[in-house]
Amino acid sequence: MEVRFDGHCFGCGPLNMDGLRLVFTPGPEGSVAEYDVPDRFQSWAGMAHGGVVALMLDEAVGWAAWHAGHPGVTGRLQVSYRRPLKLGEPVRIVGRVENVRRTLVYCTAVVENRTDGSRIADATATVMAVKTVVDPIRG
């Protein structure tokens with residue numbers, strides 16, 4: 001299997017104006033992004049949709065695997081929601097590789113409040129390593 005990144009990913013694509021456009025950077029804690037959820041991702045009044053939170057976690061594990069040299073696609077993502085994410089709340093999203101066995105990359109991720117560190121959601125995931133092609137981004 002081969003996958004191609006063309007900049008239009010809903011979670012991290014810089015060319016997708018409707019998406020989250022998350023930017024992850026590698027660091028000692030794993031792959032980290034910061035984000036403030038806009039009103040357009042509302043679920044219940046004042047809260048972000050849980051699918052957007054799951055998307056953040058999915059992106060975090062994917063980027064953690066990428067930064068560790070094992071790009072791939074998510075095979076399993078198990079999400080635990082700890083509390084609702086408020087619209088406009090500043091969050092920090094962290095993905096980390098815990099183990100690699102052949103073509104499977106076992107990862108964890110968290111979404112937490114940037115100000116007080118309170119946990120919003122966390123996940124465990126299995127990423128399946130695949131051949132990845134990155135197109136030059138033209139915007």
Side-chain angles (χ1 to χ4, degrees):
M1 174 183 208
E2 178 180 289
V3 295
R4 181 175 301 274
F5 180 80
D6 67 358
H8 289 91
C9 171
F10 186 71
C12 65
L15 302 178
N16 189 332
M17 298 304 143
D18 295 322
L20 277 65
R21 302 174 77 192
L22 296 171
V23 176
F24 283 87
T25 54
E29 296 178 89
S31 297
V32 180
E34 293 186 347
Y35 192 67
D36 298 338
V37 182
D39 292 347
R40 72 178 185 270
F41 294 131
Q42 178 179 317
S43 174
W44 294 101
M47 290 185 238
H49 193 281
V52 173
V53 176
L55 174 62
M56 291 177 192
L57 293 164
D58 186 41
E59 287 292 328
V61 299
W63 279 101
W66 175 275
H67 288 143
H70 306 284
V73 295
T74 305
R76 181 185 61 81
L77 180 71
Q78 185 172 347
V79 176
S80 295
Y81 297 95
R82 305 301 176 181
R83 68 168 178 82
L85 172 58
K86 299 176 196 113
L87 295 173
E89 183 174 356
V91 296
R92 183 172 178 265
I93 310 151
V94 182
R96 174 181 303 200
V97 171
E98 301 294 340
N99 193 17
V100 179
R101 296 186 68 182
R102 303 181 124 219
T103 60
L104 298 178
V105 184
Y106 299 95
C107 301
T108 57
V110 298
V111 176
E112 59 191 13
N113 180 288
R114 273 199 320 260
T115 306
D116 65 16
S118 62
R119 176 90 36 115
I120 295 153
D122 50 63
T124 58
T126 304
V127 175
M128 301 176 298
V130 296
K131 184 176 189 302
T132 306
V133 176
V134 178
D135 291 342
I137 304 296
R138 292 177 175 74

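Numbers here simply count residues along the sequence, with the first being 1. What's counted below: heavy atoms across the whole structure, side chains too, no hydrogens, waters or symmetry copies. Here the structure is a predicted model, which means the values were calculated and not measured.
Considering CD1 of Ile93 and CG of Leu20, their distance stands at 7.5 Å, rounded to 0.5 Å. Separation of atoms CG (Asp135) and CG (Asp6) is listed at 6.0 Å; rounding is to 0.5 Å. Note that CG of Asp58 is 3.5 Å distant from OG1 of Thr74, once rounded to the nearest 0.5 Å. The CG atom of Asp18 sits 10.5 Å away from atom NE2 of His8, with the distance rounded to the nearest 0.5 Å.
Note on Val130 and Val100: separate hydrophobic clusters, where clusters join Ile, Leu, Val, Met, Phe, Trp and Tyr whose side-chain heavy atoms are under 4.5 Å apart, directly or indirectly. Under a hydrophobic-cluster definition in which Ile, Leu, Val, Met, Phe, Trp and Tyr are linked whenever side-chain heavy atoms come within less than 4.5 Å, directly or via other members, Tyr35 and Met47 are assigned to different clusters.
Residues Val37 and Lys86 are not in side-chain contact: their nearest non-hydrogen atoms beyond the backbone lie 4.5 Å or more apart. Residues Gln42 and Leu87 form a side-chain contact, since some pair of their non-hydrogen atoms from C-beta on lies under 4.5 Å apart. The closest side-chain heavy-atom distance from Arg119 to Val110 is below 4.5 Å. Looking at heavy atoms from C-beta onward, Val91 lies out of side-chain contact with Asp36 at the 4.5 angstrom threshold. Residues Leu57 and Val111 are in side-chain contact: their nearest non-hydrogen atoms beyond the backbone lie under 4.5 Å apart. Thr132 places none of its side-chain heavy atoms less than 4.5 Å from the side chain of Glu2. Inter-residue side-chain proximity for Glu89 and Asn113 is flagged as met; some heavy-atom pair is nearer than 4.5 Å. Looking at heavy atoms from C-beta onward, Val133 lies out of side-chain contact with Phe5 at the 4.5 angstrom threshold.
Under the side chain to side chain contact (heavy atoms under 4.5 Å, CB included) rule, Tyr106 has a single partner from Val97, Asn99, Val61, which is Asn99.
Side-chain atoms of Tyr81 come within 3.5 Å of backbone N or O of Gly50 as a donor-acceptor pair.
Under 4.0 Å is where a charged nitrogen must lie from a carboxylate oxygen, and between Arg21 and Glu59 no such pair does. Salt-bridge annotation for Glu112 and Arg114: absent, with no side-chain N of the basic residue lying under 4.0 Å from a carboxylate O of the acidic one.
Other residues, nucleotides and ligands place no more than 12 heavy atoms under 6.0 Å from the CD atom of Gln78. Annotation for Arg101: atom CZ does not count as buried by contact number, only 12 or fewer foreign heavy atoms lying within 6.0 Å.
In this pair, Trp63 and Phe24 present their aromatic rings parallel. The plane angle is below 30°, not in the 30 to 60° band.
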